[in-house]
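Just so you know, ligand 1 is whichever comes first in the structure, and atom 1 is the first atom listed for that ligand.
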Amino acid sequence: MKPKIFIDGEHGTTGLQIRARMADRRDLELLSIAEAERRNAAMREDLLNSADIAILCLPDDASREAVAMVAGNNRVRIIDTSTAHRVAPDWAYGFAEMDKAQSAKIRDARHVANPGCYPTGAIGLIRPLRQAGILPDGYPVTVNAVSGYSGGGKQMIAQMEDEQSPDHISAPHFLYGLTLKHKHVPEMKMHGLLERAPVFSPSVGKFPQGMIVQVPLYLDDLAPGATLENIHAALVEHYADQSIVEVVPLAESEKLARIDATELAGKDTMKLFVFGASGGAHVNLLALLDNLGKGASGAAVQNMDLMLSA
Ligand SMILES: NC(=O)C1=CN([C@@H]2O[C@H](COP(=O)(O)OP(=O)(O)OC[C@H]3O[C@@H](n4cnc5c(N)ncnc54)[C@H](OP(=O)(O)O)[C@@H]3O)[C@@H](O)[C@H]2O)C=CC1
Ligand SMILES: CC(=O)N[C@@H](CCC(=O)OP(=O)(O)O)C(=O)O
């Protein structure tokens, strides 16, 4: 029997992209709800309880309600793409490459929290350096990022694309999260293994999909002997033996004059770079991804496949 998959929120931005990735899958049975019924709680409850894996592509509150709808059903497994469960101790964090043991945890989990788009980049850069002892306890980490506007879901897509929209945004690039309390900070801190919450400054550019996440560091505040080269080597070692996260060779990155935030749009991979001058005082760590690829829908499908491999 084919595993039954239900995407709750399948008509939204993340849900549509998950559906597109499954369009040619003959090994799955997709349970579906008509767009007009997408908020019909009774129908959703029925479909959620009929699924082997339910992928929640809903706002946080609706995700919590969906989880409550399957309480007592020991068969259905859940992947939640919202922020609701990412720091919950009984949920597996769905970033398979963040740790050698993580893909097995995801494979065997009943509940998987799909990471946020910005945290995928930030944790991808920070966690290996914490584990290698290069980034010391208490280092004041900062994270600066730009996202494609699809990161804000249907509402922001309309604001950016529809000039007639009453809340149309005409800015080609804008900062937000100005109170520094973005909902992604807790998961960056927890899964980045940080003692102190990072200062996180996100922004949005006038392109639909793509993302750059930057973590600049002072070398003389890191562990003694930290250099651009050994930071890069620690990332290379961490990401050996997998094919989703690429650590770009220094010989390649030192020739680059600019980074295009949209380079990986439509792809489910992530590239990590270490920028700076050999012998210099600073490095800038950079992650490049698609907010809807490895940052959301691509990661959700990767997690579903891991869970189905159990
Ligand atoms: N966009 C992105 O890049 C990323 C998004 N995410 C997360 O994925 C989740 C979905 O976001 P996104 O796809 O962008 O959002 P969208 O607004 O594009 O889609 C959300 C979908 O959920 C539906 N929905 C909302 N409330 C309910 C409810 N109470 N019951 C049933 N359906 C409901 C919406 O219907 P309606 O049209 O009626 O509102 C819509 O179809 C969010 O938690 C978001 O934070 C995670 C990573 C990246
Ligand atoms: C551009 C934009 O608005 N981005 C979203 C995050 C997108 C994302 O990762 O979503 P979740 O963490 O909600 O799952 C934001 O800042 O809230």
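The shortest separation from a heavy atom of Arg44 to ligand 1 is under 4.0 Å, placing the residue in contact. Not a single heavy atom of Gly116 sits under 4.0 Å from any atom of ligand 1. Not close to ligand 1: Met43, with no non-hydrogen atom less than 4.0 angstrom away.
In terms of polar-atom proximity, Asp8 is not counted as a contact of ligand 1, lacking any N or O under 3.5 Å from an N or O of the ligand.
Counting heavy atoms closer than 4.0 Å to ligand 1, residue Lys183 contributes side-chain atoms (C-beta onward) but none from N, CA, C or O.
The protein atom (non-hydrogen) at minimum distance from atom 36 (P) of ligand 1 is Arg38 NE, 3.3 Å. In terms of protein heavy-atom proximity, atom 26 (N) of ligand 1 is closest to Arg39 NH2, 3.3 Å.
Other members of the hydrophobic cluster containing Ile7, listed by chain and number, are Ile5, Ile18, Met22, Leu28, Leu30, Ile53, Ile55, Ile79, Ile106, Val112, Val301, Met304, Leu306, Met307, Leu308; membership follows side-chain contacts under 4.5 Å among ILVMFWY residues, whether direct or relayed.
In this comparison of Ser150, Gly153, Ala158, the heavy atom closest to atom 1 (N) of ligand 1 sits on Ser150. Of the listed residues (Gly9, Pro59, Gly12), the one carrying the non-hydrogen atom nearest atom 24 (N) of ligand 1 is Pro59. Nearest residue to atom 20 (C) of ligand 1 from Cys117, Ala296, Cys57, Gly148 is Cys57 (criterion: closest heavy atom).
Listed by first and then second residue, the salt bridge (charged side-chain N to carboxylate O under 4.0 Å, His left out) pairs that reach into residues 117-140 are Asp99-Arg127, Arg130-Asp137, sequence neighbours excluded.
Shown here for Asn291 and Ser150, the closest heavy-atom pair between the two residues is ND2-OG, 2.9 Å.
Side chain of Asp8 to backbone of Leu56: no donor-acceptor contact under 3.5 angstrom is found. At least one donor-acceptor pair under 3.5 Å links the side chain of Arg196 to the backbone N or O of Gly138.
Contact of the Ser147 side chain with the Tyr118 side chain is registered, since non-hydrogen atoms from C-beta on lie closer than 4.5 Å.
Side-chain rings of Tyr93 and Phe95 stay apart, their centers remaining 6.0 Å or farther from each other.
A salt bridge between Arg25 and Asp305 is present, with a side-chain N of the basic residue lying under 4.0 Å from a carboxylate O of the acidic one. Salt bridge Lys271/Glu263: present, at least one basic N to carboxylate O contact under 4.0 Å.
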Please list every donor-acceptor pair under 3.5 Å in which a side-chain atom of residues 207-214 meets a protein atom from a residue at least two apart or in another chain.
from, atom 1, to, atom 2, distance (Å)
Gln209, OE1, Gln17, NE2, 3.1
Gln209, NE2, Asp290, OD1, 3.4
Gln209, NE2, Asp290, OD2, 2.7
Gln214, OE1, Asn284, ND2, 2.8

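Within 4.0 Å of ligand 2, the residues that place a heavy atom are Thr81, Thr83, Arg86, Gly116, Cys117, Tyr118, Ser147, Gly151, Gly152, Met156, Tyr176, His182, Lys183, His184, Val204, listed by chain and number.
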